[in-house]
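Report on the structure given below.
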Amino acid sequence: MNRSMATTHSDVRARVGNISLWILQIALGGLFAFNFGLGKVLGSEQSVELFADIGVGQWLRHVIGILEIAGGIGLLIPRLSGVAALGLFGVMSGALITEAFIVDGSLLTPLVWLICAAIIAWFRRDHTLELTRRLRSLRSPTGS
């Protein structure tokens with residue numbers, strides 16, 4: 001009896017954790033795909049000015065915007081969620097470095113998004129490992 005209660009409690013905790021993670025993924029996915037990424041790709045005034053201040057050209061705004069859209073959508077696809085979170089972690093690492101050393105902006109916002117992406121990447125690492133296994137099996141001549 002005690003053992004089944006522990007299992008049930010553990011199952012409930014796992015389920016609540018999974019639901020919480022999905023809420024975070026949906027929120028972050030929407031922010032990255034439809035707010036951050038789309039704004040960059042469509043050339044919002046703020047993003048155009050930011051990338052002008054960075055000084056590397058507007059082409060980087062388009063690249064980052066496309067990466068953010070892809071990452072945001074990827075967070076909503078179970079098999080891709082871990083890899084998408086890793087990609088967004090990379091994008092936010094670049095944003096954090098850029099804010100700190102180039103535009104002298106606030107570090108709080110990119111740090112929050114970086115931490116959110118790291119949390120998702122960590123808890124969805126099983127998806128990333130499974131995707132890696134599948135890709136490796138496709139590359140090998142024997143398929144195993």
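All values reported here derive from a predicted model rather than from experimental measurement.
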Got a list of side-chain donor-acceptor pairs under 3.5 Å for residues 89-110, not counting sequence neighbours?
residue	atom	partner	partner atom	Å
S93	OG	F89	O	2.8
T98	OG1	G94	O	2.7
S106	OG	L108	N	3.3

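Residues meeting the side-chain contact (heavy atoms from CB on, under 4.5 Å) test with I66, sequence neighbours left out: V41. R124 pairs by the side chain to side chain donor-acceptor pair (under 3.5 Å) definition with N18, Q25, not counting sequence neighbours. Applying the side-chain contact (heavy atoms from CB on, under 4.5 Å) criterion to T132, with sequence neighbours excluded, gives T128, R136. In this view, L76 and I26 satisfy the side-chain contact (heavy atoms from CB on, under 4.5 Å) rule, not counting sequence neighbours. A search for salt bridge (Lys or Arg N to Asp or Glu O under 4.0 Å) contacts involving R134 returns E130, not counting sequence neighbours. Remark: A121 engages A85, L86 in a side-chain contact (heavy atoms from CB on, under 4.5 Å) (not counting sequence neighbours).
Hydrophobic clustering keeps W22 apart from I119 (ILVMFWY residues linked when any side-chain heavy atoms are closer than 4.5 Å, directly or through intermediates).
Taking Ile, Leu, Val, Met, Phe, Trp and Tyr as hydrophobic and joining them when side-chain heavy atoms fall under 4.5 Å apart, one finds I23 in a cluster with I19.
The CZ atom of F32 sits 5.0 Å away from atom CG of L88, with the distance rounded to the nearest 0.5 Å. For the atom pair F36 CZ and I69 CD1, the distance stands at 12.5 Å (nearest 0.5 Å).
Residue pairs meeting the salt bridge (charged side-chain N to carboxylate O under 4.0 Å, His left out) criterion with at least one member in residues 63-79, sequence neighbours excluded, are K40-E68. Within the structure, the side chain to side chain donor-acceptor pair (under 3.5 Å) test picks out the following pairs touching residues 46-65 (sequence neighbours left out): S44-S47, Q58-R61.
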